[in-house]
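This one's a predicted model, so the numbers in the text were calculated from it and none came from an experiment. Nothing fancy with the numbering, it's 1 onward along the sequence.
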Amino acid sequence: MSKVTKVIARQVFDSRGFPTIESEVFCGKISSKAICPSGASTGSFEAYEKRDNNKKYLGKSVFKAIYNVNKIISKKILNKDIHNQELIDSILIKLDGTKHKTKLGANSILSVSIAVKKLSAKIKNVPLYKNFYIKKNFNLPYPLMNIINGGVHANNGLRIQEFMIRPDKARTFSEAMSICFSIIQNLKKIIKDRKLSTAVGDEGGFAPMINNNEVALNLIVKSIKKSGFVNGKDVSICLDVAGNELYKKGKYSIHSKDYISIKKSINGYLKLIKKYKIKSIEDPFAENDWNAWSDFLKKSQDLQLVGDDLYVTNLQRLKKGFLNKSSNAILIKPNQIGTVTETLEVIKFAQKIGYQTIISHRSGDSEDTFISELAVGTNSNQIKTGSLCRSERVAKYNQLLRIEQQLLKKNNMAKLK
Ligand code: PGA
Ligand code: ZN
């Protein structure tokens, strides 16, 4: 049996320059590391991220979480079978004992959990994507590239947080990348010609000083056309509204700064969907506004409606959403729930009920490419990991290109619904 022989954690930094935790799990001389990502537009039902009340790091350091790994977690998982992920994760969950992992911190728990998963693959000498529940016929996910950043990921005043493209025409992952590359480069030219800034936001998309959703959408439509593709056919526009951030007392300020009713907000969405051929919308409404979600799903026909802050990768919330007919897709962020095992449970359940599963980065991310492997290993048909810019985003795409090369398949894309 390959046993855990040592676990250590350290403070490293994420793409925003904020401290985060990296854990390293050992089996003898072999080890694997994992870095925990961190969000900015977080859902209130997410697992707890432990940070210190430390002036030096403006409250952002993670030394308590590191202590929890080094002094508490390490002792409990010592000598446990490295390949028994479920056992190790259940020990971590029990050891914490709280609903939202507030005692040990989901960041300390997840960094260990992912490092164990990676180490298991390393010891078996198999690629990481082959160490999940899908065992054959691997496919690559469609990238949802966030090419214009707004909301809390930029300081331009754009209401909607993420304006994305999905290269539906692509039959291989390299083709998907090539389509996105052309559109992004043309978008850069168009933004420059308008004398706007081509500086980027937290997820690598451009963050020009525009504050109107439709201005951003028109820029994207133009760049798709300029690249020789047909919007709504070859390429789809997708949005993440991050509705939590635009909610006040039953009203929303999605379409302009003014707060309007749910009914009017839905009509605003329907107009945008028609005009810009939008195929996917994430978090159109706030995390507790279940009725707004189901009303929208009824009226939006073929739209992919994605729950992120709504579900927070939590099985109970997903079940509630399923009964309520809230959406037809779920965003998967391992740090919203805190262990690999719980993440896989949610993905499996979502796939069973026919939901699309979209594996996602966080706005604060790192060189860690675990989510690329997770996407392939669970046959998730989409991945959301920023623009083709900023190394922490590009690292995930580059890893998928390596996996594509290993698979030696002609048509290697997962099926879109
Ligand atoms: P976050 O943003 O990582 O800041 O939460 C990503 C998202 O909302 O999907
Ligand atoms: Zn989101």
- Message: Before we go on, tell me: are the rings of F138 and Y129 under 6.0 Å apart, centre to centre?
- Response: yes

Please answer whether the main-chain N or O of [Y] pairs with a side-chain N or O of [X] as donor and acceptor at a distance below 3.5 Å.
X: N68; Y: I72; answer: no
X: R362; Y: S38; answer: no
X: D283; Y: D308; answer: yes
X: D52; Y: K64; answer: yes

- Query: If you draw the axis of the six-membered ring of Y133, does the NZ or CZ of K348 fall within 45° of it and under 6.0 Å from the ring centre?
  - Reply: yes

- With L158, which of N149, N211, I210 fulfils side chain to side chain contact (heavy atoms under 4.5 Å, CB included)? I210

- Query: Would you say the side-chain atoms of K409 and N139 include a donor-acceptor pair closer than 3.5 Å?
  - Reply: yes

- Mind running side chain to side chain contact (heavy atoms under 4.5 Å, CB included) on K136 and K130 for me, showing each step along the way? CA-CA 8 Å; K136 53 180 186 187; K130 289 190 176 166; over 6 Å; no

- Message: Between R159 and E245, does any side-chain N to carboxylate O distance fall below 4.0 Å?
- Response: no

- Query: Could you go step by step and tell me if T341 and E86 meet the side-chain hydrogen bond (donor to acceptor under 3.5 Å, both in side chains) rule?
  - Reply: CA-CA 6 Å; T341 301; E86 285 180 12; 5.6 Å; no

- Query: For L78 and K6, which heavy atoms make the closest approach, and how far apart are they?
  - Reply: CD1-N, 4.0 Å

- One should read off an interatomic distance between K50 NZ and I109 CD1, to the nearest 0.5 angstrom, of 9.5 Å

- Message: So, taking the atom named CD1 in I160 and the one named CG in N212, what distance separates them when rounded to the nearest 0.5 Å?
- Response: 9.5 Å

- Message: Name the residue from S111, S74, S108, S32 that meets the side chain to side chain donor-acceptor pair (under 3.5 Å) definition with S23.
- Response: S111

- Query: Please walk me through it: do S174 and E404 pass side chain to side chain contact (heavy atoms under 4.5 Å, CB included)?
  - Reply: CA-CA 8 Å; S174 336; E404 168 174 64; 2.3 Å; yes

- Query: For the residue pair Y311 and Y355, does the interplanar ring angle fall in the parallel (under 30°), tilted (30 to 60°) or perpendicular (over 60°) class?
  - Reply: tilted

- Message: Suppose we screen for ring pair (Phe, Tyr, Trp, His ring centres under 6.0 Å). Which residues come up paired with Y269, at least two apart in sequence or across chains?
- Response: H255, F285, F296

- Message: What verdict does the side chain to side chain contact (heavy atoms under 4.5 Å, CB included) test give for K396 and I371, after you've listed the backbone C-alpha separation in whole Å, the side-chain angles of each residue and the deciding distance to 0.1 Å?
- Response: CA-CA 7 Å; K396 276 69 163 177; I371 60 164; 3.7 Å; yes

- In this structure, are over 12 heavy atoms from other groups packed under 6.0 Å from N53 atom CG? no

